[in-house]
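One structure is given below, encoded as structure tokens.
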Number of protein chains: 2
Amino acid sequence: MRMVRAGLTADRVTLAGAELADEVGLDHVTMSAVARRLGVKDASLYAHVRSLEDLRGRIALLAADEKTIRIAEATAGRAGKDALVAYANAWRQYAHDHPGRYTATQIPIQIDPELAARAAGPRRAVELTYSMLRGYALEEPDLTDAVRLMRSTLHGFTSLEAAGGFAHARPAEDTWVRCLDALHTLLEHWPTHDEGDPA
Amino acid sequence: MRMVRAGLTADRVTLAGAELADEVGLDHVTMSAVARRLGVKDASLYAHVRSLEDLRGRIALLAADEKTIRIAEATAGRAGKDALVAYANAWRQYAHDHPGRYTATQIPIQIDPELAARAAGPRRAVELTYSMLRGYALEEPDLTDAVRLMRSTLHGFTSLEAAGGFAHARPAEDTWVRCLDALHTLLEHWPTHDEGDPA
DNA sequence: AGGAAAAATCTAGGGCTCCTAGGAATCTCT
DNA sequence: AGAGATTCCTAGGAGCCCTAGATTTTTCCT
């Protein structure tokens, strides 16, 4: 029987999984489904990917890399609020464009360490965020706190939005720009010490 | 053969699923596993629950109810920053105590409408948040935006924390209290109009 | 109390999934 | 051209979701 090789590779399998995740949701990404999409039997995938768990981890890493690259491109050459808005929009846009990949990002990290080490994505992402915030006059540990607040808010918003958490009364888009305004003013007037009245 | 009924009910099945979710993670909650935990064959569950999808939805609703109740108890009789902190801590604590249930909360809503209607949780939660923010002088649509920002930040933080998203350098707890301070001052000085310098 | 009706649980089984083991086809390299 | 490595396959076991129909238990009516 004539056999044509599919030319599989770990990266191609991962990409197929990522595309599938965007189309049908991450938890409908199965070995069988990926194999079908690649015109291959499911057993063939195990030469390139250790398990379904492993595949999900690779998709998560791919997504982290892609998202970081998008943010880097968006914020290049910008500073201050301009950079903040570009950063946030790139983040949200990626989640919109690649919902399956994005949810892969959220899974508890249990990735093959060797694989994770090769991927510069996460480290790079942290650096990006820090340098983006350099425009605001923040010292450690306030800087770390601000970074974490940023990530929390952006992730929380896009995550809730994707899950349909915002009723349709007011467009999410409008809330989004107001939230960015709020984050900006907050970063400018970061409460360095406890300055609040305890009432 | 002597047969003793297990006394199953939709609620008992849901509870077993919720407990299992907290122990082994939501996506290890299977019909078979729940059945084993209840000392029953998996087929028996289908008299009470339509499908695995349905079970997950019920777990999500249960979690939403429980979380809302906790927040209501925590914020009762408090106002201003006091209420804010109580609200946020109750939220985070619930996520810590019931990680599986909490992640069930995040699943895109595709619940049996009839079931969702019976559960007052979500509606109540929204009301709670609004009334908690009544201490800050916010008018619509700023109020809606503030509510959404709150939820985004709280959800994002707890979600990232659960996923191990915060490196161990600085304790997440410290960042948390700083974030609450920040949210408080932000709500007090909400940028009603665009007051930012566009640089 | 006796018996019918309703409800709860079981057995049996089909189809899909993950994953392993070992065999056949294809590519690479000398 | 042939050896060795690589790619992909077939075969199959185990677990999961879910349905259908039988069997047992409870309820409830007279």
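Each chain gets a letter, A, B and so on, in the order its sequence line appears, and its residues count up from 1. What's counted below: heavy atoms across the whole structure, side chains too, no hydrogens, waters or symmetry copies.
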Would you be so kind as to tabulate the donor-acceptor pairs closer than 3.5 Å made by side chains of residues 39-46 of chain A, with sequence neighbours excluded?
unit_1: A:Ser44; atom_1: OG; unit_2: A:Lys41; atom_2: O; d: 3.3

>> Rounding to an integer number of Å, can you tell me how far B:Leu55 CG sits from D:dC16 P?
In response: 15 Å

> Hey, does the side chain of A:His48 come within less than 4.0 Å of D:dC8's phosphate (OP1/OP2), counting only N and O?
Replying inline: yes

> What is the distance from CG of A:Leu52 to P of C:dT20, rounded to the nearest Å?
Replying inline: 12 Å

> Taking the six-membered ring where the residue is Trp, are the ring centres of A:His184 and A:Tyr136 under 6.0 Å apart?
Replying inline: yes

> On the ring face of A:Phe166, is B:Arg148 found with NZ or CZ under 6.0 Å from the centre and within 45° of the axis?
Replying inline: yes

>> If the test is side-chain contact (heavy atoms from CB on, under 4.5 Å), which one of A:Thr75, A:Val147, A:Leu154, A:Leu143 qualifies with A:Thr129?
In response: A:Val147

> Any ion pair linking A:Asp11 and A:Arg58 (charged N to carboxylate O, less than 4.0 Å)?
Replying inline: no

> Taking atom C1' of C:dC19 as reference, at what distance in whole Å does atom CG of A:Asp54 sit?
Replying inline: 13 Å

> What residues in residues 29-46 of chain B put a non-hydrogen atom under 4.0 Å from any atom of DNA chain C?
Replying inline: B:Val40, B:Lys41, B:Ala43, B:Ser44

> For atom CD of A:Glu139, is the number of surrounding heavy atoms from other residues, nucleotides or ligands below 6.0 Å larger than 12?
Replying inline: no

> CG of B:Asp27 versus C1' of D:dC17: gap in Å, rounded?
Replying inline: 16 Å

